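Note: hydrogens, waters and symmetry copies are ignored here, and every other heavy atom, side chains too, is used. Keep in mind the model is a prediction, meaning the values are calculated, not measured.
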Amino acid sequence: AATYGATLDIDTPDAPNVTSVALIRPAAETHHTDAGQRRVSLRITAATATTVTVQLPADGFVAAPGYYMLFILNASGVPSQAAWVQLT
């Protein structure tokens, strides 16, 4: 589980090419609207040759507690395969 306000280290062999990181809440449709789905951009605070460090949201007002798909994107906007993260 990941804690609000903490930093998260993401290991990737493509770290120098990562330009953005985002959390995406999975869809849960009811009727025709999914009011809970969201995309939260994370601030990159550091990077090495193999690790990207990001700042997680400060609280549940930005990203409600629960599971999110974590994506890293390169300069061309190509996303990684998602990794599941639980915010608590």
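Listed here is the closest heavy atom pair of M69 and P26: CE-CA, 4.4 Å. Scanning both residues, P13 and P16, for their nearest heavy atoms gives O-CD, 4.3 Å.
We find the CG-CZ distance between L87 and R25 to be 8.5 Å, quoted to the nearest 0.5 Å.
Across T51, T48, V52, a single residue satisfies side-chain contact (heavy atoms from CB on, under 4.5 Å) together with D9, and that is T51.
Taking 4.5 Å as the limit, some side-chain heavy atom of I44 sits within range of a side-chain heavy atom of V18. Using a 4.5 Å heavy-atom cutoff, the side chains of I24 and Y68 are not in contact. Using a 4.5 Å cut-off on side-chain heavy atoms (C-beta onward), W84 and L70 make no contact. Between L23 and P57, some side-chain heavy-atom pair lies under the 4.5 Å cut-off. Here the side chains of I72 and V54 are not in contact, with every heavy-atom distance at 4.5 Å or above.
For Q86, the CD atom is densely surrounded, since the number of other residues' heavy atoms within 6.0 Å is greater than 12.
When the side chains of ILVMFWY residues are joined at heavy-atom separations under 4.5 Å, either directly or via intervening members, V62 and L42 end up in a single hydrophobic cluster. Hydrophobic clustering keeps V85 apart from Y67 (ILVMFWY residues linked when any side-chain heavy atoms are closer than 4.5 Å, directly or through intermediates).
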> Going through the checks in order, is the side chain to side chain donor-acceptor pair (under 3.5 Å) test met by S41 and R39?
Replying inline: CA-CA 7 Å; S41 295; R39 179 185 191 278; 2.8 Å; yes
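In terms of modelled atom types and a separation under 3.5 Å, the side chain of D14 and the main chain of N17 share no donor-acceptor contact. Side-chain atoms of T50 never come within 3.5 Å of backbone atoms of D11 as a donor-acceptor pair (strictly under, hydrogens ignored). Looking at T45, its side chain does come within 3.5 Å of a backbone N or O of T53 through a donor-acceptor pair.
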Donor-acceptor contacts, no H, no angles, side chain residues 1-8, under 3.5 Å, sequence neighbours left out:
from, atom 1, to, atom 2, distance (Å)
Y4, OH, A63, O, 2.6

